[in-house]
S.K.: 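The structure under discussion is supplied below as structure tokens; questions concerning it will follow.
To find a chain, count down the sequence lines: A is the first, B the second, and so on, and within it residues start at 1.
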Amino acid sequence: MPLATLAFTIATIWIFLHGSATPGHFFVGLVLAALIIRFLKKSYYQDRAFFRVGSYFRYLRSFTWELFVANIQVLKIVLSPKLSIRPGIIPYKTVCKTPLGVTMLANSITLTPGTLSIDVSDDDETIFVHTLDIDHPDEVAESIREGLEQPIVGAVE
Amino acid sequence: MSDLLAAVLLLGGSFFMLVASIGLIRLPDVYCRMHAATKATTFGMGGILLGASLIFWSATVTTQALLAVFFLFLTAPVAAHLISRAAYKRGPDLCAETTHDEYGKYLEGQKSEEKSAKQYGDA
């Protein structure tokens, strides 16, 4: 989003943090926003991500669902009397092109069922995924593609 | 009603933290442990923070809780990524149950490329 919108967003969050909505506090928020932007401008990655609100919510919904499934799965694995895991590392070819897309995908992979991203290849094309279910590598890749990658591509690419 | 919901969230959150700790002990190697340590702790922490914001029920606390959850979900996977990558490059091997390791092959390939590049440099 543009820097002005960002500044107003930060000021609004400041109002909520403070709990009292007076013009004075909003002004303080704006000053803080200006300071934050002043120091972090260089690493701010300009994109259109937050404008496609619809796809963004679709991603959030899909991600939340996967998050619940992941935790039930961890629960089952950890609390079952006999450890039945088949770990292994598989490569995953991504279609995400932008740094933001790849970062979001790698992060989401770590938080969703049975998968953990270990490294991204130098050309940003392959994510190495540690999985607890190596017997079905195609299913793992398929669930990443449908549950995470497609919503991310829709939201930020 | 909201007290009940808060209690469920707090207990559920703590329970998932417990699961994460048990997983940390039971699972065989660094990478499997990171699975438990990232997924279950972020989930549990989210539950605890939401439960806390329900109890206090004020804009200030809720904002703080939501921001904390947001940054937790943003940073926990990054930490897990770095820890497991560093572990792979420097330290403990994959556990015996591991059958596939494509990442190892990739690193090997990179190394031999570097070597041949050096040889060309010498010539």
S.K.: Heavy atoms only, distances under 4.5 angstrom: which of B:Gly44, B:Ala80, B:Ser84 has the most pairs with chain A? Name it, please.
M.R.: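 When all of B:Gly44, B:Ala80, B:Ser84 are compared, B:Ser84 has the most.
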S.K.: Any chain of hydrophobic side-chain contacts (each under 4.5 Å) joining B:Leu49 to B:Leu54?
M.R.: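 B:Leu49 and B:Leu54: separate clusters.
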S.K.: Could you please state which residues from residues 11-23 of chain B sit under 4.5 angstrom from chain A, measuring non-hydrogen atom to non-hydrogen atom, sorted by number, or 'none'?
M.R.: B:Phe15, B:Phe16, B:Val19, B:Ile22, B:Gly23
S.K.: How about B:Phe73: does its CZ atom have over 12 heavy atoms from other parts shown lying under 6.0 Å from it?
M.R.: yes
S.K.: Side chain from CB out, backbone as N, CA, C, O: work out which of these in B:Ala40 comes under 4.5 Å of a heavy atom of chain A, or both, or neither.
M.R.: both
S.K.: Only pairs of heavy atoms separated by less than 4.5 Å count here; which of B:Met34, B:His35, B:Gln64 has the most with chain A?
M.R.: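 Answer, by heavy-atom pair count under 4.5 Å with chain A: B:His35.
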S.K.: Taking every heavy-atom pair that is under 4.5 Å apart, which of A:Ile77, A:Ile13, A:Val120, A:Asp122 has the most such pairs with chain B?
M.R.: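 The option with the most such pairs is A:Asp122.
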S.K.: Can you get from A:Ile90 to A:Ile127 by hopping between Ile, Leu, Val, Met, Phe, Trp and Tyr side chains that sit under 4.5 Å apart?
M.R.: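 Yes, because A:Ile90 and A:Ile127 connect within a single hydrophobic cluster, where side-chain heavy atoms sit under 4.5 Å apart.
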S.K.: What pair of heavy atoms forms the shortest contact from A:Val78 to B:Arg26, and how long is it?
M.R.: O-NH1, 2.6 Å
S.K.: When only pairs under 4.5 Å are counted, which of B:Leu66, B:Thr63, B:Leu27, B:Val78 shares the most heavy-atom pairs with chain A?
M.R.: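 Winner by heavy-atom pair count: B:Thr63.
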S.K.: With a strict 4.5 Å heavy-atom criterion, list every residue of residues 58-74 of chain A that contacts chain B, or say none.
M.R.: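 At a heavy-atom separation under 4.5 Å, chain B is reached by A:Phe63, A:Leu67, A:Phe68, A:Ala70, A:Asn71, A:Val74.
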S.K.: Within a 6.0 Å radius of atom CZ on A:Phe26, are there more than 12 heavy atoms belonging to other residues, nucleotides or ligands?
M.R.: yes
S.K.: Sort and list the pairs that fulfil salt bridge (charged side-chain N to carboxylate O under 4.0 Å, His left out) and have at least one residue in residues 58-86 of chain B, not counting sequence neighbours.
M.R.: A:Asp119-B:Arg85
S.K.: Check each atom of B:Leu67 against the heavy atoms of chain A and say whether the ones under 4.5 Å are side chain, backbone, both or neither.
M.R.: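 Only the side chain of B:Leu67 comes within 4.5 Å of chain A.
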S.K.: Hey, quick one: are A:Ile10 and A:Leu17 part of the same hydrophobic cluster, counting side-chain heavy atoms closer than 4.5 Å, chains of contacts allowed?
M.R.: no
S.K.: Would a single hydrophobic cluster contain both A:Tyr92 and A:Val140, if residues Ile, Leu, Val, Met, Phe, Trp and Tyr are joined by side-chain heavy-atom contacts under 4.5 Å?
M.R.: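 Yes, because A:Val140 and A:Tyr92 connect within a single hydrophobic cluster, where side-chain heavy atoms sit under 4.5 Å apart.
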S.K.: Hey, any chance B:Phe43 and B:Val69 share a hydrophobic cluster, counting ILVMFWY side chains that come within less than 4.5 Å of each other, even indirectly?
M.R.: yes
S.K.: Would you mind checking which part of B:Thr42 comes under 4.5 Å of any heavy atom in chain A, side chain (CB onward), backbone (N, CA, C, O), both or neither?
M.R.: side chain
S.K.: For chain B, which residues of residues 104-118 of chain A have at least one non-hydrogen atom nearer than 4.5 Å to it?
M.R.: A:Asn107, A:Thr110, A:Leu111, A:Thr112, A:Gly114, A:Thr115, A:Leu116, A:Ser117, A:Ile118
